[in-house]
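Throughout, protein chains are lettered first and strands after them, A, B, ... in sequence-line order, and every chain is numbered starting at 1. All figures in this text were calculated on a predicted structure; none of them were measured in a lab.
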Amino acid sequence: MTLGRFSFELHAIDSGSAARAGTFHTPHGPVEMPAFMPVGTQGTVKGLTVESLGASGAQMILANTYHLALRPGEEVVRDLGGLHAFCGWNGPILTDSGGFQLFSLAHNTSITEDKAIFRSHVDGRAFELSPERAVAIQEALGSDVAMVLDHVVALPNDEAAIRDATERTIRWARRCRDAQTRGDQALFAIVQGGLDGPLRVECARRLAEMDFPGYAIGGLSVGEEPADMYRILDCTVPAMPEARPRYLMGVGRPQDMLEAIRRGIDLFDCVLPTRNGRNALAFTDAGPVRLRNLQYERDPRPLEEGCPCAGCRHSRGYLRHLFMVGEMLGPVLVSLHNLTYYQRLLGQARRAICEGKFSELADEKLRGWGVFAS
RNA sequence: GGGGGGUUUCCCGAGCGGUCAAAGGGGUCAGACUGUAAAUCUGAUGGCUUAGCCUUCACAGGUUCGAAUCCUGUACCCCCCA
């Protein structure tokens with residue numbers, strides 16, 4: 001499929017699952033999918049330079065509309081040359097719309113049909129975010145991919161509330177599309193519907209009718225059981241256009257990504273590798289390593305044998321020491337390791353899909369992590 | 001030599017007759033973290049055969065139904081006077 005300066009080529013579909021490999025082309029370069037986007041909410045992936053971010057293997061990163069509109073303000077970013085120049089990342093950037101903050105900052109947010117009104121978490125001032133405003137901000141920021149403003153609700157929730165938020169998400173998606181003025185920014189729609197399978201399918205189909213250049217699944221991994229998330233993917237993904245990138249927002253743990261790729265998801269973002277990295281948890285093929293644990297005090301091994309990241313030039317004992325004494329290099333190196341681990345995992349997934357051996361890879365990884373396939 | 005103040009559980013530090021195994025920090029140990037209000041948060045932290053029992057508040061003795069808390073002596077530390 002080709003859409004202006006964007007296109008999505010499918011290279012392969014796994015023989016034993018719905019997993020697929022492809023390339024998403026953007027004005028700032030290609031993204032090999034399945035892909036993982038590090039989260040750089042405020043225009044920075046916490047603790048990392050763009051050089052080390054590139055070294056981790058990342059191709060596309062995520063930034064946030066709400067946070068950047070609050071500080072420094074989208075006009076400032078625009079006047080400094082747009083998001084790419086502003087943060088120094090010349091690869092593709094996707095901006096989240098602020099919809100997630102309707103959920104995470106719900107306690108100081110009110111929503112009407114027209115717009116959401118936030119009380120700024122920074123200084124308490126009112127901040128309005130309508131679908132039109134979300135698009136305008138993202139156009140000022142100049143990301144490659146903008147997300148529609150969606151209405152995310154906490155789970156579990158009552159049926160009427162979920163239905164209401166889902167319907168609003170569909171109406172807002174249309175308003176976002178109608179508000180677009182730039183031709184060099186792709187707008188992705190977001191499927192909502194809580195844990196209601198038929199509602200998810202209906203939402204996906206109605207959004208598909210509007211023909212967006214990409215589709216996301218939102219409102220998952222917000223506290224529900226993993227099995228519920230997989231169940232929703234099972235029914236929702238087949239209802240999403242095959243010729244467009246399919247993005248599972250906010251996910252996730254390594255096992256969640258493999259389970260989602262198995263079901264046909266192409267794109268992910270998650271704070272876990274960076275947040276957990278800052279909190280001394282490293283991802284490895286043998287499962288998580290909680291570096292503060294006493295057992296690593298004299299461990300001479302790197303986090304992962306053969307990992308090319310800068311953190312793996314050091315022993316676990318040294319990394320533990322950095323955390324125990326509060327040195328900032330600890331969070332930096334383990335964030336870098338985790339992102340590198342995620343990128344390598346996705347790279348292995350892409351190769352396995354092209355070879356028709358994704359299930360074998362997934363089984364092997366899940367076994368290493370000590371979790372069962374779902 | 002004389003006068004005054006102090007010694008609390010790994011550390012700092014509250015407590016000043018019972019509700020004290022002893023506040024609060026720190027440290028340590030363990031856990032959590034999924035479109036980032038997170039380099040954050042939570043729990044544990046004398047021992048045990050754990051609804052209870054035992055051993056702790058410099059050391060020894062004493063007063064009291066009952067002492068980390070009061071008294072006497074000893075040791076060490078700090079301040080002032082000579």
Pull out every residue in residues 292-299 of chain A that has a heavy atom closer than 4.0 Å to any atom of RNA chain B, ordered by number, or say none.
R292(A), N293(A), L294(A)
Give a yes or no on whether E242(A) atom CD has more than 12 heavy-atom contacts from other residues, nucleotides or ligands under 6.0 Å away.
no
U8(B) versus A60(B) - spacing of their P atoms, nearest Å
16 Å
Give me the distance, rounded to whole Å, that separates C53(B) from G4(B) when you measure between the P atoms they each carry.
43 Å
Separation of the C1' atoms in A32(B) and A39(B), to the nearest angstrom
16 Å
In the strands shown, is U63(B) matched to any nucleotide by a Watson-Crick or G-U wobble pair with both distances under 3.5 Å, and which?
none
Euclidean distance for C1', G1(B) against G62(B) (whole angstrom):
30 Å
Whom does C33(B) pair with, Watson-Crick or G-U wobble, provided both distances fall under 3.5 Å?
none
Say we look at G18(B) and G26(B): how far apart would their P atoms be, to the nearest angstrom?
29 Å
Test item: side-chain donor near acceptor, Q138(A) and S97(A), under 3.5 Å:
no
Identify the residue among Q59(A), R350(A), E32(A) that makes a side-chain hydrogen bond (donor to acceptor under 3.5 Å, both in side chains) with T23(A).
E32(A)
With a 3.5 Å limit on both atom pairs, tell me what C20(B) is paired to, counting Watson-Crick and G-U wobble, or say none.
none
Salt bridge flag under 4.0 Å for residues R174(A) and E209(A)
no
Heavy-atom count check: over 12 atoms from other residues, nucleotides or ligands less than 6.0 Å from R182(A) CZ?
yes
Checking the side chain of R200(A) only, and the main-chain atoms of G194(A) only, is there a donor and an acceptor separated by less than 3.5 Å?
yes
Using the P atom in both, what is the distance from A44(B) to A23(B), to the nearest Å?
12 Å
Counting only Watson-Crick or G-U wobble pairs whose two distances fall under 3.5 Å, which nucleotide matches A58(B)?
U74(B)
Quick check: does any side chain N or O of T274(A) sit under 3.5 Å from a backbone N or O of S335(A), one acting as donor and the other as acceptor?
no
Expressed as a whole number of Å, how far does the C1' atom of G66(B) sit from that of G17(B)?
8 Å
Run the numbers on R175(A) and D114(A) for salt bridge (charged side-chain N to carboxylate O under 4.0 Å, His left out), then give the verdict.
CA-CA 10 Å; R175(A) 281 170 59 184; D114(A) 185 46; 3.3 Å; yes
Check this for me, if you would: do D228(A) and R231(A) make a salt bridge, where the nitrogen-to-carboxylate-oxygen distance has to be below 4.0 angstrom?
yes
Whichever of H151(A) and M328(A) has the more 5' nearest nucleotide on RNA chain B, that residue is H151(A)
Main chain of L141(A), side chain of R78(A): is a donor-acceptor contact present, judged purely on distance under 3.5 Å?
no
Which value, in whole Å, describes the distance between the P atoms of nucleotides C29(B) and A38(B)?
27 Å
E364(A) with K357(A): basic N within carboxylate O range, under 4.0 Å
no
Could you list where the contact with chain A starts and ends along RNA chain B, reading 5' to 3', using a 4.0 Å heavy-atom cut-off?
U28(B) to U40(B)
Once you apply a heavy-atom cut-off of 4.0 Å, does L220(A) come out as touching a base, just sugar-phosphate, or nothing?
nothing
Sugar-phosphate, base or nothing in reach of Q192(A), heavy atoms under 4.0 Å:
base
Using a strict cut-off of less than 4.0 Å between a Lys/Arg side-chain nitrogen and an Asp/Glu carboxylate oxygen, indicate whether R168(A) and D164(A) qualify as a salt bridge.
yes
Check whether the ring centres of F24(A) and F188(A) lie less than 6.0 Å apart, and answer yes or no.
yes
Report the base-pairing partner of A44(B) (Watson-Crick or G-U wobble, both distances below 3.5 angstrom), or none.
U28(B)
For the ring pair H67(A) and H121(A), is the centre-to-centre distance below 6.0 Å?
yes
Only one of V39(A), N276(A), L62(A) clears side chain to side chain contact (heavy atoms under 4.5 Å, CB included) with V271(A); which?
V39(A)
Residues of residues 126-141 of chain A with a heavy atom under 4.0 Å from any atom of RNA chain B, listed by number, are none
Please name all residues satisfying ring pair (Phe, Tyr, Trp, His ring centres under 6.0 Å) with F100(A), sequence neighbours left out, ordered by chain then number.
F103(A)
Which is true for V152(A) with a 4.0 Å heavy-atom rule: it touches a base, it touches only sugar-phosphate, or it touches nothing?
base
Residues D211(A), R244(A): salt bridge by 4.0 Å N-O rule:
yes
Watson-Crick/G-U partner (both atom distances under 3.5 Å) of U69(B)
none
Give, ordered by number, those residues of residues 264-278 of chain A having at least one heavy-atom distance below 4.0 Å to an atom of RNA chain B; if nothing qualifies, reply none.
D269(A), C270(A), V271(A), L272(A), T274(A), R275(A), N276(A), R278(A)
Does M229(A) reach a base, just sugar-phosphate, or nothing at all? Heavy atoms under 4.0 Å.
nothing
Residues touching RNA chain B, which here means a heavy atom under 4.0 Å, drawn from residues 105-114 of chain A
L105(A), H107(A)
Flag the pair R263(A) and E259(A) as a salt bridge only when some basic side-chain nitrogen lies within less than 4.0 angstrom of an acidic carboxylate oxygen.
yes
